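Step one of this worksheet: look at the structure below.
Nothing here was measured: the structure is a model prediction, and the numbers come from that model. Chain naming here is simple, since letters A, B, ... match the order of the sequence lines and numbering starts at 1 in each.
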Amino acid sequence: MPDGWAPLPREFYQRHPTLLAPELLNKLLVRSDGRAVRIVEVEAYAGHEDPAAHGYRGRTARNATMFGPPGHLYVYFIYGMHWGCNAVCGNGMGVLLRAGEPIAGIEAMMAARPVARRHQDLASGPGKLSQAMGVNRSMDGADLVTGDRGIIIVSDGTPPPSAPVTGPRIGISKATDFPWRWHVPDHPHVSVRSKKAKESLT
DNA sequence: GTCCCGATTCCCT
DNA sequence: GGGAATCGGGACC
């Protein structure tokens, strides 16, 4: 890894997902083969507090990773063909990584996603991001602090945006009024632009 | 055991 | 903008 890329401490992840989510913007998701994306869009899922969360009804075999220690990767399978990546906070809570800007290993990402015709199509959605980064069930539970399974989140020193865009989460049917989606303003690699999204003042 | 539908993507109109 | 692809989780009988 380049000098200046530093893993985040375990405690970074151990807080409410609505606090963790905006802090993950501009962090890097990195594979040991050199692939890396800058995280530009995230959503919070707050376990038992959140009817839209996989952890809402408690621990199951599928969501067990989210009930484990913070700083691990929860990978889920959806629509019969897509994988999704979450950073685990603990207590059944986590942050969905919805979109990234490819910054390294782009050839490998294009090989993993031959359908993508532009860099902008490589990781601009949760399923695309997972496919571009080669994430599947085998990486569920990977430690994002130590990178033990070849995937890690690091900071390159870029701070999160001071005024991220917030709005309702995408693709859910419950708790649709929770403004628990955050993305980097005016970023071309964000998955979708919400009409209800607005600039945050914090 | 059965049934419904999902934290999506892609292609066609 | 609409619909198909595709399959596992989990609610319910």
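- As rounded to whole Å, 11 Å separates atom P of B:dA7 from atom CG of A:N86.
- Along DNA chain C, the nucleotide nearest to A:M81 and the one nearest to A:R62 differ in position, and the one closer to the 5' end is contacted by A:M81.
- A:Y76 places its OH atom 14 Å from the P atom of C:dG9, with the value rounded to the nearest Å.
- Using a 4.0 Å heavy-atom criterion, one finds that A:G84 contacts no nucleic acid atom at all.
- Proximity note for A:H82 (side chain, C-beta onward) versus B:dC11, B:dT9, B:dA7: the nearest is B:dT9.
- Counting non-hydrogen atoms under 4.0 angstrom, A:R169 reaches nothing in the nucleic acid.
- Taking 4.0 Å as the cut-off between side-chain N and carboxylate O, A:D121 and A:R118 count as a salt-bridged pair.
- Put simply, CZ on A:R117 is 17 Å from P on B:dT9, counting in whole angstrom units.
- One finds a salt bridge joining A:D143 and A:R10 here, because a Lys/Arg side-chain nitrogen approaches an Asp/Glu carboxylate oxygen to under 4.0 Å.
- Taking atom CD1 on A:I78 and atom P on B:dT9, their separation rounds to 11 Å, with Å as the unit.
- Using a 4.0 Å heavy-atom criterion, one finds that A:L96 contacts the bases of the nucleic acid, with or without backbone contacts as well.
- Figure legend. C:dT6 is base-paired to no nucleotide; pairs are counted as Watson-Crick or G-U wobble with both atom distances under 3.5 Å.
- For the pair A:R35 and A:D33, the salt-bridge criterion is met [side-chain N within less than 4.0 Å of a carboxylate O].
- When the side-chain nitrogen and oxygen atoms of A:S173 are compared with OP1 and OP2 of B:dC5, none of them lie within a distance under 4.0 Å.
- Regarding A:F77, its CZ atom lies at a distance of 14 Å from the P atom of C:dG10, rounded to whole Å.
- Atom CG in A:N136 sits about 14 Å away from atom P in C:dG8, given to the nearest Å.
- Residue-level contact check: A:R113 touches the backbone only, with heavy atoms under 4.0 Å from sugar-phosphate atoms and none from bases.
- A:M93 comes within 4.0 angstrom of no nucleic acid atom, judged by non-hydrogen atoms across all strands.
- Remark: C1' of B:dG6 and CD of A:E43 are 14 Å apart, rounded to the nearest angstrom.
- Nucleotide B:dA7 holds its C1' atom 16 Å from the NE2 atom of A:H183, rounded to whole Å.
- The environment of CD in A:E49 is crowded: more than 12 heavy-atom neighbours from other residues, nucleotides or ligands sit within 6.0 Å.
- When each of A:R137 and A:Y79 is assigned the nucleotide of DNA chain C bearing its nearest heavy atom, the one mapping closer to the 5' terminus is A:Y79.
- Of the side-chain N and O atoms in A:R57, one or more sit less than 4.0 angstrom from OP1 or OP2 of C:dA11.
- Of the listed residues (A:L25, A:V40, A:V165), just one forms a side chain to side chain contact (heavy atoms under 4.5 Å, CB included) with A:H187, and that residue is A:V40.
- Pairing of B:dA7, defined by two Watson-Crick or G-U wobble distances under 3.5 Å, is not identified with any nucleotide.
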